[in-house]
Amino acid sequence: YISILARTPSGMIPVVRQFRPAIERYTWELPAGLNELGEKPETTAIRELKEEAGVETNVIKYIGTTFIDTGRLNNHAQMFYVECSEPIPGYKVEKGIETKFIKPEELKQAIINSEFDQQIHIASLLMATLHGFKWDR
């Protein structure tokens, strides 16, 4: 599993909304996805970010790997911080996904209000902060 915290030159963060059948509702999340067979994690991050947010990757940094739920699963999440382009004009994102670009303060408030509530993606924000990336300014 790959999770991508991206930031545009204007300081906006892409988030995506999609239906999650396991919880029977739509959720707001960071762009993310699964590795295709033989694909490098960085390649997955670049591909998923473009497919889901319609941006190009300028700089990509690996920020860590965590287990998702050691009590039930052996999957892990690889997290990346990306400095990306502004949205590509006219780019059509992946079907079934709604994308928006928000200010860091909006993302913080969404977490506090439990509107952005996937632990893996919140962990990506923490890892980026611990690595010294200034995503929240």
Side-chain angles (χ1 to χ4, degrees):
Y1 187 84
I2 304 293
S3 174
I4 309 120
L5 169 59
R7 184 178 162 107
T8 68
S10 62
M12 302 298 276
I13 298 170
V15 293
V16 297
R17 183 176 185 257
Q18 54 190 321
F19 185 76
R20 295 299 189 183
I23 58 173
E24 297 183 346
R25 70 177 177 90
Y26 286 88
T27 62
W28 283 104
E29 308 167 2
L30 295 174
L34 300 174
N35 286 76
E36 292 181 358
L37 187 60
E39 189 174 48
K40 292 181 181 180
E42 292 84 358
T43 304
T44 302
I46 292 166
R47 176 180 51 77
E48 289 289 346
L49 186 58
K50 187 169 187 179
E51 288 175 357
E52 294 186 1
V55 296
E56 296 287 354
T57 296
N58 297 331
V59 177
I60 184 168
K61 301 285 185 179
Y62 167 79
I63 56 174
T65 299
T66 61
F67 285 100
I68 294 173
D69 179 359
T70 57
R72 303 172 62 120
L73 305 167
N74 67 357
N75 314 37
H76 60 275
Q78 294 179 312
M79 297 167 279
F80 292 88
Y81 176 79
V82 172
E83 294 173 13
C84 66
S85 69
E86 296 295 341
I88 300 167
Y91 189 87
K92 301 281 187 218
V93 298
E94 190 175 323
K95 186 177 180 180
I97 292 180
E98 176 187 347
T99 303
K100 70 178 177 178
F101 290 78
I102 61 175
K103 296 176 184 176
E105 277 304 317
E106 292 175 280
L107 181 54
K108 289 178 188 178
Q109 197 58 52
I111 294 167
I112 290 167
N113 295 339
S114 296
E115 297 162 356
F116 185 97
D117 56 2
Q118 193 171 131
Q119 288 183 359
I120 298 165
H121 296 220
I122 295 170
S124 296
L125 300 169
L126 173 61
M127 290 296 280
T129 301
L130 293 174
H131 280 274
F133 293 108
K134 307 295 183 196
W135 66 270
D136 59 341
R137 293 183 178 85

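Positions are given from 1, in the same order as the sequence printed here.
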Item to check | Evaluation steps, side chain to side chain contact (heavy atoms under 4.5 Å, CB included), between Arg20 and Glu29 | outcome: CA-CA 11 Å; Arg20 295 299 189 183; Glu29 308 167 2; 2.8 Å; yes

Next on the checklist: For Lys61 versus Val59, what's the shortest heavy-atom pair and its separation?
Outcome noted: CE-CG1, 3.9 Å

Checklist entry - Any link between Ile63 and Ile2 through a network of hydrophobic side chains (Ile, Leu, Val, Met, Phe, Trp, Tyr) touching at under 4.5 Å? => result no

Next on the checklist: Please give me the minimum heavy-atom distance between Pro14 and Ala6, naming the atom from each residue.
Outcome noted: CD-O, 3.3 Å

Checklist entry - Same hydrophobic cluster for Met127 and Tyr1, using side-chain heavy-atom links shorter than 4.5 Å among ILVMFWY? => result no

Checklist entry - More than 12 non-hydrogen atoms from neighbouring residues, nucleotides or ligands closer than 6.0 Å to CD on Glu115, yes or no? => result yes

Checklist entry - Side chains of Thr99 and Val16: closer than 4.5 Å at any heavy-atom pair? => result yes

Next on the checklist: Could you walk me through whether Val82 and Val55 satisfy the side chain to side chain contact (heavy atoms under 4.5 Å, CB included) test, starting with their C-alpha distance in whole Å, then the side-chain angles of each, then the deciding distance to 0.1 Å, before giving a yes or no?
Outcome noted: CA-CA 10 Å; Val82 172; Val55 296; over 6 Å; no

Item to check | Straight-line distance of Asn35 CG to Thr43 OG1, nearest 0.5 Å | outcome: 9.0 Å

Next on the checklist: Is any side-chain heavy atom of Arg47 closer than 4.5 Å to one of Glu36?
Outcome noted: yes

Checklist entry - Quick one: OG1 on Thr66 to CD on Gln78, what's the gap to the nearest 0.5 Å? => result 9.5 Å

Next on the checklist: For residues Leu49 and Met12: do they belong to one hydrophobic cluster (side chain heavy atoms under 4.5 Å, members Ile, Leu, Val, Met, Phe, Trp, Tyr)?
Outcome noted: yes

Checklist entry - Atom CD in Glu42, atom CD1 in Ile4: separation rounded to 0.5 Å? => result 11.5 Å

Next on the checklist: Quick check on Tyr26: does its OH atom have over 12 non-hydrogen neighbours (other residues, nucleotides or ligands) under 6.0 Å away?
Outcome noted: no

Checklist outcome for this item: Rounded to the nearest 0.5 angstrom, the CG-OG distance for Leu125 and Ser3 is 8.0 Å

Checklist entry - If you take all heavy atoms of Gln18 and Gly96, which pair is closest and at what distance? => result CB-O, 3.7 Å

Item to check | Transitive ILVMFWY side-chain link Met79 to Phe116, under 4.5 Å | outcome: yes

Next on the checklist: Taking the side chain as everything from C-beta on, heavy atoms only, tell me whether Trp28 gets closer than 4.5 Å to Lys100.
Outcome noted: yes

Checklist entry - Between Ile88 and Lys50, is a side chain to side chain contact (heavy atoms under 4.5 Å, CB included) present by the stated rule, with each step listed? => result CA-CA 9 Å; Ile88 300 167; Lys50 187 169 187 179; 4.0 Å; yes

Next on the checklist: Considering only residues two or more places apart or on different chains, which pairs with a residue in residues 125-136 satisfy side-chain hydrogen bond (donor to acceptor under 3.5 Å, both in side chains)?
Outcome noted: Thr129-Trp135

Item to check | CD1 on Ile120 to CG on Asn75, rounded to 0.5 Å | outcome: 8.0 Å

Next on the checklist: Would you say that more than 12 heavy atoms from the other residues, nucleotides or ligands in this model lie under 6.0 Å from the NZ of Lys103, or not?
Outcome noted: no

Checklist outcome for this item: Looking only at heavy atoms, the pair that brings His121 and Ala32 closest together is CE1-CB, 3.7 Å

Checklist entry - When the ring planes of Tyr62 and Phe80 are compared, do they come out parallel, tilted or perpendicular, using 30° and 60° as the limits? => result perpendicular

Item to check | Pairwise side-chain contact, Val93 with Glu52, heavy-atom cut-off 4.5 Å (strictly under) | outcome: no

Checklist entry - Considering all heavy atoms of both residues, which atom of Ser124 and which atom of Leu5 are nearest to each other, and what is their separation? => result O-CD2, 4.3 Å

Checklist entry - Could you state the interatomic distance from CD1 (Ile46) to NZ (Lys40), rounded to the nearest 0.5 Å? => result 10.5 Å

Next on the checklist: To check you understand the geometry: which heavy-atom pair defines the closest contact between Arg7 and Tyr81, and what is its length?
Outcome noted: CD-OH, 3.6 Å

Checklist entry - Side-chain heavy atoms under 4.5 angstrom apart, residues restricted to Ile, Leu, Val, Met, Phe, Trp, Tyr: same cluster for Leu107 and Phe133? => result yes

